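Heads up, the thing below is written out as structure tokens.
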Amino acid sequence: MPITPSLFPELILRIELTIAAHADEVTELDQAIGDGDHVFNLQHGLQALAAEAPAIAAQPWPDAWRKIGMLLMSKVGGASGALYATLFIALAKSAPAEPAVSDFAAAFGLAVEAVKQRGKAEAGEKTLLDVLIPVAAALKLHADAAAPLPELLAQIPPLAEASAEATRDMLATKGRASFLGERSRGHIDAGAKTAALMIAAVCQTLSQNLGAQP
Ligand code: ADP
Ligand code: MG
């Protein structure tokens with residue numbers, strides 16, 4: 001893959017910046033149908049990752065993903081911490097030492113399956129999976145078609161954003177929002193929103209770094 005773990009510190013910084021820029025908006029969503037701590041949980045995890053970023057950047061991708069998963073597991077509370085920890089630990093297990101884009105697409109698909117199992121959730125339940133599932137599908141489609149990476153990186157953020165937006169009218173059947181029943185409709189799921197924001201930050205950072213290469 002033309003993307004190495006040396007980019008990790010920049011990726012984390014860009015994710016932190018986008019979450020900070022949208023913190024109030026996401027907290028409002030989370031206060032409407034959750035307990036309002038989602039941004040805090042994420043920021044706590046991101047700070048832990050930023051502190052370890054140089055060590056993570058020095059390892060091959062699978063080791064880097066394992067370390068990210070373990071850190072999230074130990075540092076982040078809430079459903080989202082356990083789910084992202086599961087995602088990264090599964091990624092580490094499923095990817096070869098030097099993954100090609102197609103390997104990453106396959107491993108990401110398996111990792112999203114692991115998150116589904118962990119959360120006992122499927123598509124359409126108004127969670128972060130409603131962003132991860134379509135993004136995994138798009139990745140696989142493009143990898144199978146051997147589409148150019150810049151094209152893929154440009155297409156994922158609007159898809160993730162639209163997928164988060166689509167949670168607005170869903171009925172929450174998992175997590176705290178499910179306690180509200182029908183009253184959970186009408187608000188975007190906070191976890192879906194931050195998943196879309198983080199995925200967009202990753203794609204934009206990767207695009208810019210690919211562009212910088214000769
Ligand atoms: P908590 O719900 O424990 O307070 P967070 O506030 O950090 O944890 O995260 C809430 C987000 O986690 C929700 O917005 C939703 O996207 C996601 N989520 C909650 N429960 C599940 C689940 N069972 N499966 C998948 N995602 C879930
Ligand atoms: Mg919460």
Side-chain angles (χ1 to χ4, degrees), residues 11 14-46 72 76-88 105 108-109 111-142 151-207:
L11 285 167
R14 295 284 293 271
I15 291 172
E16 284 187 295
L17 289 174
T18 192
I19 295 298
H22 293 84
D24 291 347
E25 177 192 347
V26 174
T27 295
E28 244 172 69
L29 295 174
D30 195 31
Q31 281 168 344
I33 58 171
D35 59 356
D37 66 350
H38 180 59
V39 168
F40 174 84
N41 288 339
L42 274 189
Q43 288 184 327
H44 190 64
L46 290 168
L72 294 178
V76 187
S80 58
L83 294 167
Y84 278 112
T86 299
L87 181 83
F88 283 101
F108 191 75
V112 171
E113 284 303 316
V115 175
K116 285 166 73 175
Q117 280 180 19
R118 172 93 198 200
K120 299 188 175 55
E122 295 290 332
E125 298 201 83
K126 200 180 181 94
T127 72
L128 46 83
L129 279 166
D130 290 307
V131 170
L132 297 185
I133 291 169
V135 165
L139 259 176
K140 183 175 181 331
L141 206 71
H142 280 74
E151 195 176 288
L152 176 59
L153 293 173
Q155 286 184 353
I156 296 280
L159 168 71
E161 175 66 31
S163 302
E165 188 62 40
T167 65
R168 186 190 300 276
D169 296 326
M170 291 179 186
L171 174 70
T173 44
K174 288 287 165 357
R176 290 173 198 280
S178 66
F179 306 155
L180 293 178
E182 282 295 332
R183 281 183 294 135
S184 65
R185 292 196 208 266
H187 306 274
I188 293 173
D189 172 60
K193 178 71 190 179
T194 54
L197 288 169
M198 293 192 286
I199 287 168
V202 167
C203 289
Q204 280 149 14
T205 307
L206 296 183
S207 296

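In this text the structure is predicted, and so the values were computed from the model without any measurement. Starting from 1, each residue takes its place in the sequence as its number.
- For CD of Glu28, the number of neighbouring non-hydrogen atoms (other residues, nucleotides, ligands) closer than 6.0 Å is 12 at most.
- With contacts defined as side-chain heavy-atom distances shorter than 4.5 Å, the pair Leu197/Val26 qualifies.
- The OG1 atom of Thr194 sits 11.0 Å away from the NE2 atom of His22 when rounded to the nearest 0.5 Å.
- Summarising the geometry, atom CD1 belonging to Ile188 is positioned 11.0 Å from atom CE belonging to Met170; distances are rounded to the nearest 0.5 Å.
- Closest approach of Thr167 and Asp130 over heavy atoms only: CG2-CB, 3.7 Å.
- Looking at every heavy atom in both residues, Leu87 comes nearest to Ala111 through O-CB, 3.4 Å.
- To the nearest 0.5 Å, the span separating NE2 on His187 from CG on Asp30 amounts to 11.5 Å.
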For residues 174-183, which side-chain donor-acceptor pairs fall under 3.5 Å, sequence neighbours excluded?
| residue | atom | partner | partner atom | Å |
| --- | --- | --- | --- | --- |
| Lys174 | NZ | Lys120 | O | 2.9 |
| Lys174 | NZ | Glu125 | OE1 | 2.9 |
| Lys174 | NZ | Glu125 | OE2 | 3.2 |
| Arg176 | NE | Asp35 | OD2 | 3.0 |
| Ser178 | OG | Gly175 | O | 2.5 |
| Glu182 | OE1 | Arg185 | NE | 2.8 |
| Glu182 | OE2 | Arg185 | NH2 | 3.3 |

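- Closest heavy-atom contact between Gly191 and His38: CA-NE2, 3.6 Å.
- The minimum heavy-atom distance linking Gly36 with Thr27 is given by the pair O-CG2, 4.0 Å.
- Closest of all the heavy-atom pairs between Leu139 and Leu152 is CD2-CD2, 3.7 Å.
- Listed by chain and number, the residues in a salt bridge (charged side-chain N to carboxylate O under 4.0 Å, His left out) with Glu165 are Arg168 (sequence neighbours excluded).
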